[in-house]
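Below is one structure; the comments refer to it alone.
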Amino acid sequence: MLALLQYLLDKVDYFKIIEALRKRNNREHAARLHLILVQAREILEIYRILLDELQAALRSHQTTDAGHRFYLNPLHIAALLQRQQSNLAVMDHMIHDLLDAVRILDSSFTEVFRSIYPGKTGILSEAMAVFGQDRFPLGEAGPDHFPADPEGVYRTLWFTWSKPPEDRSEIEKYLYGWNGTPKKIVDVSIHDSQKFFKALETYFSGHNPYAKLLLLEQITEKYNAALVANFELGDILSNIANVRKHWTNLDSPL
């Protein structure tokens, strides 16, 4: 998931957008970009909370005669994942609106728009579906592979309060673009005990998510600094009300 977000931040040349908006003194679109960056911070903040919760569970995990002991509330994690789904929906809508507007100002953004929105849905649509199912994606891959990893394996952690059915083959079959062809799916429930913690340990040791998260936070701050350097913050904030009118039907924290 972090690789997907990095692709989204790298693919769109925000510095070029800022320069195009500065030349035209387009403060309303600058306000749109400001809200995108605010939303990006919210997404990264929730992701950091998720990582902290999962890492704490991994560190607290103990195997006893009675089973497995650890500190983690699956309902809390599921709520965070649902909030992340909502955040991504808002982010997707914001970027769509901004790119749709700036490609009129500069035709070079047309190809970027088409690559991120090749059809009716954007590159974040799969991620929204995964989070909406109370699942945390483990495969770090860009849009060419997501929701699977580069090896084509769909890997998720599934958070439910009640133990899921013993036979999960039918559920798993439809998780990853079912088209009649079997695909390798590793969907680990929090109730899968040792298997769950093995998958979690592999994720932290193999993908180094904290380092990737820090990089994304730094990229977002660079974009924000460039925006503020080219537009008065007061001018940006005064145009936010006009921009928000387009998003009144979305569950946005802004």
Side-chain angles (χ1 to χ4, degrees), residues 1-6 39-91 124 126-141 146-149 153-176 184-217 251 253:
M1 180 61 215
L2 292 175
L4 190 66
L5 290 173
Q6 184 170 354
Q39 191 69 14
R41 287 198 203 100
E42 168 77 5
I43 290 170
L44 296 176
E45 182 179 345
I46 294 295
Y47 220 98
R48 183 171 287 279
I49 293 172
L50 284 165
L51 290 180
D52 288 346
E53 294 273 1
L54 294 175
Q55 189 177 68
L58 184 60
R59 288 174 174 171
S60 67
H61 175 233
Q62 296 178 2
T63 302
T64 67
D65 292 339
H68 294 267
R69 179 183 299 171
F70 57 92
Y71 300 105
L72 186 68
N73 183 342
L75 292 181
H76 176 58
I77 298 297
L80 289 173
L81 295 173
Q82 292 289 332
R83 180 57 182 271
Q84 201 71 310
Q85 179 197 31
S86 175
N87 286 335
L88 290 177
V90 175
M91 179 79 159
L124 294 178
E126 287 282 4
M128 284 184 265
V130 173
F131 285 128
Q133 298 164 354
D134 299 332
R135 286 176 164 88
F136 183 87
L138 297 177
E140 286 297 348
F146 193 88
D149 60 21
V153 181
Y154 178 107
R155 299 180 190 274
T156 52
L157 298 179
W158 187 18
F159 295 89
T160 61
W161 181 258
S162 301
K163 187 175 181 179
E166 286 298 321
D167 183 7
R168 305 211 303 260
S169 58
E170 280 299 308
I171 297 174
E172 293 176 354
K173 185 169 67 174
Y174 292 99
L175 288 177
Y176 178 19
K184 188 171 182 181
I185 296 173
V186 181
D187 184 47
V188 185
S189 166
I190 190 174
H191 299 279
D192 290 339
S193 303
Q194 191 63 39
K195 186 178 178 182
F196 173 86
F197 287 99
K198 179 63 177 177
L200 194 56
E201 182 181 14
T202 300
Y203 174 67
F204 277 108
S205 63
H207 293 292
N208 197 6
Y210 276 109
K212 294 179 181 178
L213 181 63
L214 178 60
L215 175 62
L216 292 176
E217 290 170 339
D251 181 19

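Excluded from the calculations below are hydrogen atoms, water molecules and symmetry mates; all remaining heavy atoms, backbone and side chain alike, are included. The structure displayed is predicted, hence computed values, not measured ones.
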Check whether any side-chain N or O of Glu53 sits under 3.5 Å from a backbone N or O of Ile77 as a donor-acceptor pair, and report yes or no. no
d(Glu201 CD, Leu58 CG) to nearest 0.5 Å is 6.0 Å
Contact between Tyr154 and Phe146 at the side-chain level, heavy atoms closer than 4.5 Å - yes or no? no
Provide the closest heavy-atom pair for Phe159 versus Pro74 in the form atom of the first, atom of the second, distance. CB-O, 3.9 Å
Can you confirm whether Arg135 sits close enough to Leu81 that some side-chain heavy atom of one is under 4.5 Å from a side-chain heavy atom of the other? no
Atom CD of Gln85 and atom CD of Gln133: how far apart are they, to the nearest 0.5 Å? 9.0 Å
About how many Å separate CG of Leu215 and CG of Leu2, when rounded to the nearest 0.5 Å? 10.0 Å
Between Asp149 and Lys184, is there a salt bridge with N-O shorter than 4.0 Å? no
Closest heavy-atom pair, Met1 versus Ala127, reported as atoms and distance to 0.1 Å, is SD-CB, 3.5 Å
Take His76 and Leu80 through the test side-chain contact (heavy atoms from CB on, under 4.5 Å) and record every step on the way to the result. CA-CA 6 Å; His76 176 58; Leu80 289 173; 3.7 Å; yes
So, taking the atom named OG in Ser60 and the one named CZ in Phe197, what distance separates them when rounded to the nearest 0.5 Å? 6.5 Å
Within the distance-only criterion (no hydrogens, no angle test), does the side chain of Glu126 pair as donor or acceptor with the backbone N or O of Pro147 below 3.5 angstrom? no
For residues 44-52, which side-chain N or O atoms pair as donor and acceptor with protein atoms under 3.5 Å away, sequence neighbours left out?
residue : atom : partner : partner atom : Å
Arg48   : NE   : Glu217  : OE2          : 3.1
Arg48   : NH2  : Glu217  : OE1          : 3.0
Arg48   : NH2  : Glu217  : OE2          : 3.3
Asp52   : OD1  : Tyr210  : OH           : 2.4

As an exercise, state the distance from CG of Asn87 to CZ of Arg41, rounded to the nearest 0.5 Å. 13.5 Å
Would you indicate whether the side-chain heavy atoms of Leu200 and Leu72 approach each other to under 4.5 Å? no
Taking it one step at a time, do Asp192 and Arg168 satisfy salt bridge (Lys or Arg N to Asp or Glu O under 4.0 Å)? CA-CA 12 Å; Asp192 290 339; Arg168 305 211 303 260; 2.9 Å; yes
For Tyr203, ring pair (Phe, Tyr, Trp, His ring centres under 6.0 Å) partners two or more places apart: Phe136, His207
Is there side-chain contact between Arg83 and Phe131, with heavy atoms separated by less than 4.5 Å? no
If every non-hydrogen atom of Met91 is compared with every non-hydrogen atom of Ala40, which pair is closest and at what distance? CE-CB, 3.8 Å
Within the structure provided, determine whether Glu172 and Trp158 are in side-chain contact (heavy-atom separation under 4.5 Å). no
Any sub-3.5 Å donor-acceptor pair from His191's side-chain atoms to Thr160's backbone N or O? yes
Rounded to the nearest 0.5 Å, what separates atom CG in Leu157 from atom CG in Asp134? 12.5 Å
Side chain proximity check, Ser189 to Phe196, heavy atoms < 4.5 angstrom: no
Would a 4.5 Å heavy-atom cut-off, applied to side chains only, mark Val130 and Thr156 as touching? yes
